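As the structure is a computational prediction, the values presented were derived from the model and not from experiment. Just so we're on the same page: letters track the sequence lines, and every chain starts at 1.
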2 protein chains.
Amino acid sequence: MRLRKVANAKEKLLQSPDLVFLEPQDHKGKWHQLFKNENSIHIEVGMGKGSFITGMAKQHPDINFIGIEVVESVILRAVEKLKEEPLTNVILMCIDASMLTSVFEDGEIDRVYLNFSDPWPKSRHDKRRLTHHNFLKIFNQILIKNGEIHFKTDNQNLFEYSLISMSQFNMLLKYVSLDLHNSDFEGNVMTEYEERFHGLGQRIYRLEAQFR
Amino acid sequence: MRLRKVANAKEKLLQSPDLVFLEPQDHKGKWHQLFKNENSIHIEVGMGKGSFITGMAKQHPDINFIGIEVVESVILRAVEKLKEEPLTNVILMCIDASMLTSVFEDGEIDRVYLNFSDPWPKSRHDKRRLTHHNFLKIFNQILIKNGEIHFKTDNQNLFEYSLISMSQFNMLLKYVSLDLHNSDFEGNVMTEYEERFHGLGQRIYRLEAQFR
């Protein structure tokens with residue numbers, strides 16, 4: 001994602017402590033208390049500017065959403081959006097995906113969304129891909145039993161890699177579309193990337209996979 | 001496949017008893033004896049006119065190939081091709097895929113190829129798709145332990161269906177290409193269909209999946 005560097009991004013994030021958590025470890029195991037309900041919790045890892053998570057939160061008021069993004073100047077855009085149009089079922093946190101087990105208790109999360117994750121095309125960087133074995137292990141730990149990952153991307157190689165990686169992890173494929181916008185899938189909420197790449201005529205790939 | 005009906009196809013096939021087996025049940029468990037070696041046996045289920053199996057047999061003289069096709073007038077084209085250019089490591093048989101366990105002993109086969117199988121697009125016909133659970137069960141029975149299916153198609157819906165069906169059967173995906181002819185896969189042998197559809201600019205999908 002190309003974005004102008006935002007000056008003092010961290011200071012600006014600190015001004016919204018109820019919306020964006022910079023040290024979310026303190027709430028490990030207590031996220032339902034924070035939302036003040038027992039609704040399911042879905043997280044998006046790598047939320048970018050937040051179009052998907054806010055769109056999903058509006059479409060599903062009975063689900064709690066947590067948007068996760070490591071880049072402060074990016075998450076700031078989502079904060080600004082949520083300040084204009086507050087939603088009680090969304091919070092954000094600024095952490096790296098490798099930190100998730102420090103932030104969530106085992107089984108605390110009901111679903112993980114991965115949207116247009118960085119493909120890290122060089123094979124020597126495969127460990128950085130969010131569908132690498134190491135990250136699947138983390139997601140499996142924080143998810144409920146038989147929890148699901150919902151993943152979409154325009155990157156063909158990342159999608160191929162992810163199908164194989166998830167199969168090696170013994171996950172069950174429940175849904176696959178090799179051309180999401182020409183499929184009968186309903187309720188799709190587009191990300192910023194998706195609007196752009198779909199607009200350019202790129203195919204969008206999507207899958208749902210369940211741990212077993 | 002659209003083909004002119006060949007008159008007396010069966011009679012013509014009967015003239016090549018060493019090449020095409022109309023009642024292959026008699027050789028169950030004895031195919032290595034027939035090939036007079038202990039080389040691996042690969043079968044193609046739905047071989048059409050035989051371009052793939054003859055191309056593979058030339059490329060891999062140390063593997064035995066068996067082409068299987070239920071339509072007599074179609075398999076006749078492959079017979080004619082093999083009469084012009086004989087290959088000692090190819091035989092053909094004219095049976096329905098549901099008959100495979102009557103023809104092969106458990107574990108007698110080393111690999112199954114499925115190429116451009118009939119997609120049977122209506123969901124009420126899903127049991128006829130060669131990647132349906134019922135056929136996977138048959139392939140698993142006649143294949144060696146950890147045997148593989150290598151599958152390619154231009155049909156997006158069939159490929160999506162097959163990924164899910166194989167995952168439900170707990171198969172391990174070892175290779176996936178969502179655009180075979182723009183991938184780095186080497187040694188591809190084209191089928192008649194593939195030449196035609198690739199020529200029309202259609203994407204070809206390919207996977208390798210292993211029973212576990």
Residue-level interface, residues 117-131 of chain A with chain B, non-hydrogen cut-off under 4.5 Å: none
Residues 199-212 of chain A: residues contacting chain B (heavy atom under 4.5 Å, by number): A:R203, A:Y205, A:R212
Interface residue of largest heavy-atom contact number with chain A, from B:V176, B:N157, B:L163, under 4.5 Å: B:V176
Atom [atom1] in [X], atom [atom2] in [Y]: separation rounded to 0.5 Å?
| X | Y | atom1 | atom2 | value |
| --- | --- | --- | --- | --- |
| A:L178 | B:F159 | CG | CZ | 7.0 Å |
| B:Q156 | A:D179 | CD | CG | 5.0 Å |
| A:K174 | B:S167 | NZ | OG | 11.0 Å |
| A:L173 | B:S162 | CG | OG | 11.5 Å |

Donor-acceptor contact present, side-chain A:Q168 to main-chain B:L172, <3.5 Å: no
Engaged part of B:S183 at the chain A interface, taking heavy atoms whose separation is under 4.5 Å: neither
Region of A:M171 that comes under 4.5 Å of a non-hydrogen atom in chain B: backbone
Heavy-atom proximity to chain B below 4.5 Å, by part of A:S165: neither
A:K28 atom NZ: more than 12 heavy-atom contacts under 6.0 Å: yes
Residues, nucleotides or ligands: over 12 heavy atoms within 6.0 Å of B:E23 CD: no
